[in-house]
**Q** 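My questions all concern the structure below.
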Amino acid sequence: MIAGQLYRKLDWPLIITWFALVMIGWISVFASVYDEEHAHILDISQRYGMQFIWIITSLIIASFILFVINPKLYNVLAWILYFMSMLLLFAVIFVGVEVNGSKSWFMIGPVRVQPAELAKITTSFALASMMSAYNFRLKRFSSLVKVGLVIVVPMLLIILEKETGSALVFASFLFVLYREGLSGWYLTFGILAILLFVVTLAFSSFTSMILLFVLMVVAKTAFSKRYLHNIVFLAAYLPVLILSPRVGELKFIPWALKDVEWLAVFMTVPLLYFMYKAIREKTRYMKYILLSFFVSTALIFSVQFFFDEVLQDHQRARIENLLGVTEDLQGAGYNVHQSKIAIGSGGFFGKGFLKGTQTKFNFVPEQSTDFIFCTVGEEWGFAGSLVVVGLFVFMLIRILTLAERQKDNFTRIYGYALASVIFMHFFINIGMTIGIMPVIGIPLPFVSYGGSSLWAFTIFLFVFIRLDLERWK
Amino acid sequence: MAFELKKKNILILGILGVALVIVLQLFNLQILDEEYKITASNNAFRYDIRYPARGIIYDRNGKILVGNETAYDIMITPYEVKDLDTADLCAIFGLEIEEVRATLAEYRKYRRRIGYQTLPFVKQISPAQYSVFLEKAYKFQGFSAVSRTIRSYPYNACGNLLGYISEVDTSYIRKNPEYKRGDYVGRTGIEQSYETILRGVKGYNIFLRDVHNKIKSNFAEGKYDKEAVPGKNITASIDAELQQYVESLMVNKVGSVVAIEPSTGEILTLVSSPGLEVSKLATINKHYSEIVNDPYKPMFNRAVMSPYPPGSVFKLVNGLIALQEGVIDTVMTYPCNMGYKVGRGIACHAHPSPTNLTSSIMMSCNAYYANAFRRIIDNPAYPNVTAAFESWKEYVESFGFGLKLGSDLPGEQGGVLPSTKTYDRIHGKNRWKSLSIISLSIGQGEIGTTPLHLANLAATLANRGYFYTPHIIKGAEDTTLNSDFSQRHYTKVDTSNFRKVIHGMYLAVNSEPGSGATARIAAVPGLDICGKTGTAQNPHGKDHSVFICFAPKDNPKVAVAAYIENAGFGATWAAPIASLLVERYLKGKVERTDLEAYVISGNLIQNVPIPKR
């Protein structure tokens, strides 16, 4: 296929989605720092003028990636790029400039560059390169360790820069591993752990244990396919468990136990029965379920310890605030409260372009970067927010769909890595502005102000779009 | 292949699930939840606070003890301040220009934190200054005025009872988040005890800002505005005239006088001297260091906070207990030859001997009570001294001694009452007997009672065996007060025994000259005062002068305790002061003008040792 025909196969839906998000970002940055004395959107003394420059340069970079660079190079240079970026991550700890308490930025003239942004791309290259090799088997333990190292090394370096939020993004590569053959148990258990952590802190270990029991029976039902049997059991026994602490109030009961201890007493009988059946009938899934149950129980009771002893004060404050355990509208909860007011005051259709009052004048901190979604929510309302959420969902599904169509494993794995990172940013960033995630300072891809972030995500995406063309050759 | 497709679809389901959660929360915030549209921290709204007038405090006869005056607070919205003529502003309010510049610099420094908030700038300016400000207001962008009420005190009395109000500070707000910067709160006295009734509820007007931060209009035509609800007025049980009179008697004396209406427990007068001058309450901050540095501690409400040895007035309690326990009767007599000579002994003064119950009260014989007390503690009906002592203690506690009475006076103390443990510690377990603790028989030793306790004892005697918890508030507008105040508290002694003791108290005041009665100076013809003197020994200086009484004997209207520090015999100062109070209250005027002049001119403050700082 000759070059001209090849480029007709460019994936325009992705490119248009990218362009739409970038434009929404530009308008929002304009609205969030709008100042009548500098009313022109191209005034480069203001952030919106600068953002225009970032957008133009991004277009140039995107064209460069599409038309100039040989896509075969990415696989070839993957490891060199990976090690170079690790070197940068390491160097920035010593020579970086400090911004908001984290030392993660290089200052190159007037431009600030965050190597962590770059590392997301190079790590994706490295993962794709490693896992697409012929002799690679993820089921092998040594392979799993290697893959783990590739992910964990940049994470640790970024944590050393005190940029915990970005480090968290690397956890999303777990989705890639899942797609490439890692057992779903890991993912399920990870999500279960987070769920139990939240429930334990927000409510109590009692509630958490009840939830765990219900989940166990649901899982059992799904595997055994004996629906009626299990539903009847759950319906009958759940009230017993919930009311179990009331037994202690009965006159003739001499023991004074805590609520959780009564619960444990009443759980013992069905658990022993499940164990007996699992051993007798040699059902593998039941063993997994029971194992998960006991590990989770241990988790629930170590959560408080972890929370009190391991987490730092400000992290604890943010999580407690998020879960509604404490309400501190001046301190840790200030940003989120202001952000929720801004978004909530938007209503269905929003207040209109430049009519937002909450996102002006710095009520919401970081409003053109991390909290850019506030401006969308306030000025364009629920309708506008739906458009942004919709564009991201469309982009993510499109990337996954394209990735599955690849003949080349490298491109598929890279596509999954790209989707995972964008997903994580999308979820955490929007989640924090509407108060369902703790405040973790990472930008909204393509939308937030900032050259470093926009360039990095544009490169990340357009490399994939270029790689996608290769399947037509 | 099917397996791989399935994994992709699971991931897509995950993405859709997360998107759904986000959309639901957006729906909740933007469509369902009204709170985020009209919340106080919504920056599009400016909330102008309307402060309620604080409740007025009346005395029992409807005289205003604490009223309100209008003053203004000048508020500043730092963001809106433009082209400020600082010198002119300072001239109006009499401020130091340097200080104002420093404050403004502070606002600039914290401008992000302050945002569009409006903060208090100058507090409590007079209506005259306010009118000058109004004329020039157009020159001061970003400044506005809020009307506040400040307290006024038309009656020069009750400085220690009323308390004062002051602006809440940061630590107070942290503990009581319902208060905001600029709010006032009652401190000490009635202002503190009845804060929730007096304060009222703040209101606000909501104004809408546009994008340019200009105030556009009253939001939704005032639909969401809230009127301020004024605080409720309350009526104190204090008789302002009487209080003022007693305060004038207590000039240049250290001590307390408490008068209670026995039939209700209402406190008619409660003086702690030296006390706070009412004129200083409104501007207490200016006088604060002066007050705190005063060696006589005018803020310290001796009447409820200072435990003193009760002295001989406590004999009444021991007499009642002995009667109730059946260890003495009215005909038994004990000899007294200048004191009780067993053990270390207790000295007594010269008086006819022997004495029975009545004459022992009348003449305040120490020997009689040493004997009576030993019979209580060594009572063979109890297995040992400890048990007998515990029983004695229960009796004493039934009078309220050693316990907080539960009045509505902030800072009320319970006083001191020894326990068997106290004596085990001093003497060793089972190593003490009635003779070791004989000082208690005459109200000395390890016992401490506040003047309020003693007034309550007088009221209990007046009621022949029960008391109402003393309290200072009669009622409040549409609010029911603590129902505990209408509850009778019975002592463990029968009414018949009270009558026997009261006979002695009557004779102590109303006997013939030469009878040896100790309180004849307190007698007022026609008032039938029953009283008991006390002279409390004081290791730090001259004895304290103590007197309790009630009057008239039948259907008593008033019960009084007077405790004058370092003033000598009970009959010399405490009895005249208490009896003048009774005379003034029951007759409305004082006929014994010589006695009155003697009391007013008496300067006893010089006897009081100043504690070294």
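Sequence lines set the chain letters: A, B, ... in the order given, protein chains first and strands last, and positions in each chain run from 1.
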**Q** Going by atom types only, do B:Arg199 and B:Tyr194 share a side-chain donor-acceptor pair under 3.5 Å?
**A** no
**Q** Do B:Lys7 and A:Tyr178 form a cation-pi contact, if we require the NZ or CZ to be under 6.0 Å from the six-membered ring centre and within 45 degrees of the ring's axis?
**A** yes
**Q** Can you tell me which portion of A:Phe175 sits under 4.5 Å from chain B's heavy atoms? Options are side chain, backbone, both or neither.
**A** both
**Q** Which one wins on heavy-atom pair count under 4.5 Å against chain B: A:Gly381, A:Gly350, A:Ala403, A:Ser420?
**A** A:Gly381
**Q** Between B:Tyr184 and B:Glu191, is there a side-chain donor-acceptor contact under 3.5 Å, judged purely by atom types and distance?
**A** no
**Q** By a 4.5 Å heavy-atom criterion (distance strictly below it), what part of A:Phe349 contacts chain B: side chain, backbone, both, or neither?
**A** neither
**Q** So, B:Phe93 versus B:Phe133, ring centres under 6.0 angstrom or not?
**A** yes
**Q** Here's one to test your reading of the geometry: is the NZ or CZ of B:Arg187 within 45 degrees of the ring axis of B:Tyr172 and under 6.0 Å from its centre?
**A** yes
**Q** Where does A:Thr401 contact chain B at under 4.5 Å (heavy atoms): side chain, backbone, both or neither?
**A** both
**Q** What part of A:Ile430 lies closer than 4.5 angstrom to a heavy atom of chain B: side chain, backbone, both or neither?
**A** side chain
**Q** Pick one of side chain, backbone, both or neither for A:Leu182, based on which atoms fall under 4.5 Å of a heavy atom in chain B.
**A** backbone
